[in-house]
Amino acid sequence: MTQMTALDTLVPGPLSLAGHRLGTPQQAGALTMVPISGPAHRGYVPPRTGLKLTRVAGYGQVELSNRADSGVAIVPLHIGYIQDRAQNHALCRSAFLAPGQTVRFDDACCVQQSQGGLLSERDQWFFVLPLELRARALDLRGVTGYSKLWDDIAALNARHGLPRRGHLEQILSRKRAVLTQFQSRLELQPAQLGALFFVSGRFAGLEIAPDPRYFAEMWTALVCFAYGAAAWHAEPAPPGPGTAPYDLAPHDGTPYQGTPYQGAGLAGLRAALDRDRSVRLTEIGGWLADAPTGPVELREEERYLDVRLSTVTAPHLAGQIVTDGDRTVYASLFAR
């Protein structure tokens, strides 16, 4: 399977990822990340420096502003905001914000069941909903009701061995030190503007940003929270007392014993490394070939000039995608 064939299996219909290429896979425990490079699309505002949550108008109602003087903001799919002593919210959908525009999202979901106050701009940080909640959140776009995700959050907490409550911060905040280990063990590459994510060898998600700066600002939210939480849950339990509380080295429950590369001098080591990379890419292609496929429905949701935001739905795949003609500008697609 070629790199383009591998990527094209994930985009619906006539949409194209022409020019995008897979990099060297990286693994931290159950999470595998394959960097994607490709053509950059200029004129898009990055989410951390340009997009701000200005206020919560009411429970389930949040306002976001594009504070840039130029450039449209693509609101990242399933972005959420957390602040101490504040009511935490996440969005169920993406959207476009023109320069200087403020938009109120009336279909946001509160991800903190007990009252903590309303969110202000000070000291806010953002996340992306964990993989296990994303399909349900997308289904609930356009549905008002601030508590609509609480039952799903409670079930997710229970699966993680946490109290069955609609408090997502039990994972995002209290387990933040554990989840941020993925950020330190997976390395963002120069010119990287996307990634494939796999959990325990199964396709978990495809993320494409307009340019490397946008993706760099999404890096922590994606690696640690959107996909890291699922990978953390997939990890085997620590072997016993006295061991590290969380071991992200690849293993099957026994201590990892790496085999050093064998080669004659630097040239031999480089050749061995190249062979290893080729084997890993072939393995990734096999994972993609084994991923479920089927008919995909593409529904346009919004337009900004010539750019379109569409929702992708299928029994095996869901998410949203931004296109300019047949070119993919932004994509956040995840396995169901």
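Heavy atoms only: backbone and side chains are in, while hydrogens, waters and symmetry mates are out.
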Are F225 and W232 an aromatic pair by the rule of ring centers under 6.0 Å?
no
Using only heavy-atom distances, determine whether the side chains of E207 and Y227 contain a donor-acceptor pair under 3.5 Å.
yes
Flag the pair F96 / V103 as yes when at least one side-chain heavy-atom distance between them is below 4.5 Å, and no otherwise.
no
Tell me, do E169 and N88 make a side-chain contact under 4.5 Å, heavy atoms counted?
yes
Applying side chain to side chain donor-acceptor pair (under 3.5 Å), run through Q101 and S65 and close with a yes or a no.
CA-CA 6 Å; Q101 183 182 16; S65 296; over 6 Å; no
Does the side chain of T220 pick up a donor-acceptor pair with the side chain of Q183 at under 3.5 Å?
yes
Are any of the side-chain heavy atoms of S310 and L298 separated by less than 4.5 Å?
yes
When every non-hydrogen atom of F182 is compared with those of G228, the smallest separation belongs to CE1-O, 3.4 Å
Take V307 and I74, measure what side-chain contact (heavy atoms from CB on, under 4.5 Å) needs, and give me the verdict at the end.
CA-CA 10 Å; V307 184; I74 300 173; 5.8 Å; no
Using a 3.5 Å cut-off and no angle test, enumerate the donor-acceptor pairs between side-chain atoms of residues 311-320 and protein atoms at least two apart in sequence or in another chain.
residue	atom	partner	partner atom	Å
T311	OG1	E301	OE2	2.7
T311	OG1	Q320	NE2	2.9
Q320	OE1	S94	N	2.7

Are any of the side-chain nitrogens in D324 or R327 under 4.0 Å away from the carboxylate oxygens of its partner?
yes
Partners meeting ring-ring contact (aromatic ring centres under 6.0 Å, His included) with F127 (sequence neighbours left out)
none
Between the side chains of E302 and R141, is the shortest nitrogen-to-carboxylate-oxygen separation below 4.0 Å, so that they form an ion pair?
no
SB check E300 R308 (cutoff 4.0 Å)
yes
More than 12 heavy atoms of other residues, nucleotides or ligands under 6.0 Å from CZ of R202: yes or no?
no
So, is the end of the R176 side chain (NZ or CZ) under 6.0 Å from the ring centre of W125 and within 45° of the ring's axis?
yes
Any carboxylate oxygen within less than 4.0 angstrom of a Lys/Arg side-chain nitrogen, looking at D139 and R336?
yes
